[in-house]
Amino acid sequence: MSVESLISRARRDVDEGLVPSCQLALARGGELIAFETIGEASAASRYTIFSVTKALVAAAVWRLVGDGKLRYEERVADLVPEFDANGKRSVIVDHLLLHTAGFPRAPMRPEEGAVREGRLARFATWRLDREPGTSTEYHPTAAHWVLAELIECVSGQDFRTFVTATADGALTLGSGDALDLEIGGDPADIGTVERGDGDTLVIPEISGDLLLRYNEPAVRAAGVPGAGATGTAADVALFFQTLLHNPGEQWNPEVLADGTGVVRNAMPDPYTRVAANRTRGVVLAGGDGFESLRGFGPGVSPRAFASPGLGGQVAWADPESGLSFAYLTNGLDADLVRAFRRSISLSKLAAAVR
């Protein structure tokens, strides 16, 4: 399969008006083999990468675990006493990474989470919906706000600084010529999608005020740790290459191998009804034939790992083919099924590139 077929499929949705713009990138061997921008954007445009951000935060946690500064079995409340309120004592770091923490819809406004005082005050109000570790349910942002606080506690740095530095270090040690991948930052310099001349392209209106708030500079600057990083598809694809190759051993090899390759949560997902196949931070395709329900296209190996995102956004890497793929868009399709099918179709074509 050719790169041209992949680009043609991505262009179709832009031509039909389903999304205003998109970027896609393929990489192998630590180098880009394709990078394309389609629609109302340029190659310099940076996108809000939504839940793909979770892979960046997980990578920062892996770095701290490898350095002996954080333990997966550590109770959150032992490091963050404010979290202990309302029966949350049993929540450990693993629960946060595996989406088994038991508070999937706990609220946090980006402006609250942007500062420690706001995070801690909100943590104290949260209650459990279910006992931690007993079931799986996707935590869109809540668990990663807690991970952000833990990163600050044990690293001594602002979580945005530490997460960005982890990605920066990995890309610098790899072949990335220019880093444009960050979480948080100067609100004048980042946007949901940004033209080369600095004009911000807004997300097309859909139902749900929360998602539209990502057009606000203050929300983007907050660096929502579960859904608020900013970058190009090329940056994301190259970052996933670093997870394959670990240049300069940025991560402890055993910790990285565990984080990208060992399923720790195989409980059935309440929406897809298939095993969640979650590692400590990403999702594994698995060999049971249900890889498409986990955000991959057919054709990836069982060892492929991914971090899917809203609107059909997706990023994955496959240790067997050596490929990594990223697709970003600023079009939040109100038809969630169509967006899901888009990411599957694009991933299938990407996996077939030789």
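Please read all numbers here as calculations on a predicted model, not as lab measurements.
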Colleague: Would you say the side-chain atoms of Gln23 pair up with the backbone N or O of Thr232, donor to acceptor, closer than 3.5 Å?
Modeller: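 Here the side-chain-to-backbone pair does not exist.
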Colleague: I'd like to know whether CZ of Arg127 has more than 12 heavy-atom contacts from other residues, nucleotides or ligands below 6.0 angstrom.
Modeller: no
Colleague: Could you pull out the closest heavy-atom pair between Thr53 and Val224, with the gap in Å?
Modeller: CG2-O, 4.0 Å
Colleague: Tell me whether the count of non-hydrogen atoms from other residues, nucleotides or ligands lying under 6.0 Å of CD in Glu320 goes above 12.
Modeller: yes
Colleague: Between atom CZ of Arg116 and atom SG of Cys153, what is the distance when rounded to the nearest 0.5 Å?
Modeller: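 Spacing of CZ (Arg116) from SG (Cys153) equals 4.5 Å.
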Colleague: The test is side chain to side chain contact (heavy atoms under 4.5 Å, CB included); show your working for Tyr327 and Ser343 and say whether it passes.
Modeller: CA-CA 8 Å; Tyr327 171 81; Ser343 67; 5.7 Å; no
Colleague: Should the pair Asp258-Arg264 be classified as a salt bridge under the 4.0 Å nitrogen-to-oxygen rule?
Modeller: yes
Colleague: Given 3.5 Å as the limit, does a donor-acceptor pair link the side chain of Glu182 with the main chain of Thr164, or not?
Modeller: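 Between the backbone of Thr164 and the side chain of Glu182 there is no qualifying donor-acceptor contact (under 3.5 Å).
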Colleague: Hydrophobic clustering (ILVMFWY, side-chain heavy atoms < 4.5 Å, transitive) - are Leu24 and Leu18 grouped together?
Modeller: no
Colleague: Can you find a heavy atom in the side chain of Thr272 that is under 4.5 Å from one in the side chain of Phe290?
Modeller: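 No, their side chains stay 4.5 Å or more apart.
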Colleague: Nearest 0.5 Å please: distance from the CH2 atom of Trp62 over to the CG atom of Asp67.
Modeller: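 Atom-to-atom, Trp62:CH2 and Asp67:CG are 14.5 Å apart.
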Colleague: Measure the acute angle between the ring planes of Phe103 and Trp126, then classify it against the limits of 30° and 60° as parallel, tilted or perpendicular.
Modeller: tilted
Colleague: Within the distance-only criterion (no hydrogens, no angle test), does the side chain of Thr166 pair as donor or acceptor with the backbone N or O of Phe162 below 3.5 angstrom?
Modeller: yes
Colleague: Does any N or O in the side chain of His245 come within less than 3.5 Å of the main-chain N or O of Leu243, such that one atom is a donor and the other an acceptor?
Modeller: no
Colleague: Give me the ring orientation class for Tyr138 and His99: parallel if the planes are under 30° apart, tilted from 30 to 60°, perpendicular past 60°.
Modeller: parallel
Colleague: Do Arg130 and Pro104 touch side chain to side chain, with heavy atoms closer than 4.5 Å?
Modeller: yes
Colleague: With the threshold set at 4.0 Å, does a side-chain nitrogen-carboxylate oxygen contact exist between Glu82 and Arg119?
Modeller: no
Colleague: Salt bridge check: are Arg342 and Asp13 linked by an N-O gap of less than 4.0 Å?
Modeller: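 Salt bridge: yes.
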Colleague: So that I can tick it off, tell me whether Arg71 and Asp94 are bridged by a salt bridge, with the cut-off set at under 4.0 angstrom between side-chain N and carboxylate O.
Modeller: no
Colleague: Closer than 3.5 angstrom, by distance alone: can the side chain of Lys88 be matched with the main-chain N or O of Ala85 as a donor-acceptor pair?
Modeller: yes
Colleague: For Trp316 and Ala350, work out which heavy atoms get closest and say how close.
Modeller: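 Taking Trp316 first and Ala350 second, the nearest heavy atoms are CZ2-CB, 3.9 Å.
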Colleague: To the nearest 0.5 angstrom, please state how far the OG atom of Ser5 sits from the CG atom of Leu346.
Modeller: 11.5 Å
Colleague: Which atoms form the tightest heavy-atom contact between Thr48 and Ala227, and what is the distance?
Modeller: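 Where Thr48 meets Ala227 most closely, the heavy atoms are CG2-O, 3.8 Å.
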Colleague: What are the two closest non-hydrogen atoms of Phe239 and Ala59, and how far apart are they?
Modeller: CZ-CB, 3.7 Å
Colleague: Would Asp318 and Phe296 satisfy side chain to side chain contact (heavy atoms under 4.5 Å, CB included), going step by step from the backbone distance to the final call?
Modeller: CA-CA 10 Å; Asp318 190 337; Phe296 302 85; over 6 Å; no
Colleague: Verify the cluster assignment for Val282 and Leu293: are they in a single hydrophobic cluster under the rule of side-chain heavy atoms below 4.5 Å apart?
Modeller: no
Colleague: If you count heavy atoms of other groups shown closer than 6.0 angstrom to CZ of Arg338, is the number above 12?
Modeller: yes
Colleague: Identify the heavy atoms of Val91 and Leu96 that sit nearest to each other, and give their distance.
Modeller: CG1-CD2, 4.1 Å
Colleague: How many angstroms lie between OG in Ser347 and CZ in Arg294, if you round to the nearest 0.5 Å?
Modeller: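 It is 14.5 Å, given to the nearest 0.5 Å.
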Colleague: Evaluate Ile151 against Val61 for side chain to side chain contact (heavy atoms under 4.5 Å, CB included), listing each step before the verdict.
Modeller: CA-CA 7 Å; Ile151 289 170; Val61 172; 4.2 Å; yes
Colleague: Could you tell me whether Glu149 and Arg122 make a salt bridge, using a distance below 4.0 angstrom between a side-chain N and a carboxylate O?
Modeller: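 Between Arg122 and Glu149 there is no salt bridge, as every charged N stays at least 4.0 Å from the carboxylate O atoms.
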Colleague: Looking only at non-hydrogen atoms, find the nearest pair between Arg11 and Ile38 and report the distance.
Modeller: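 It is N-CD1, 3.7 Å.
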Colleague: Heavy-atom distance under 4.5 Å between the side chains of Leu79 and Glu74, does that happen here?
Modeller: yes
Colleague: Should Val65 and Ile92 be counted in the same cluster of Ile, Leu, Val, Met, Phe, Trp and Tyr side chains packed under 4.5 Å apart?
Modeller: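 Different clusters: Val65 never reaches Ile92 through Ile, Leu, Val, Met, Phe, Trp or Tyr contacts under 4.5 Å.
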Colleague: How many angstroms lie between atom OG of Ser51 and atom CD of Gln313, to the nearest 0.5 angstrom?
Modeller: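 Taking OG in Ser51 and CD in Gln313, the distance rounds to 8.5 Å.
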Colleague: Any chance you could measure Ile344, atom CD1, to Arg341, atom CZ, to the nearest 0.5 Å?
Modeller: 10.5 Å
Colleague: Applying side chain to side chain contact (heavy atoms under 4.5 Å, CB included) to Thr260 and Thr279, what does each step give before you reach the verdict?
Modeller: CA-CA 7 Å; Thr260 60; Thr279 75; over 6 Å; no
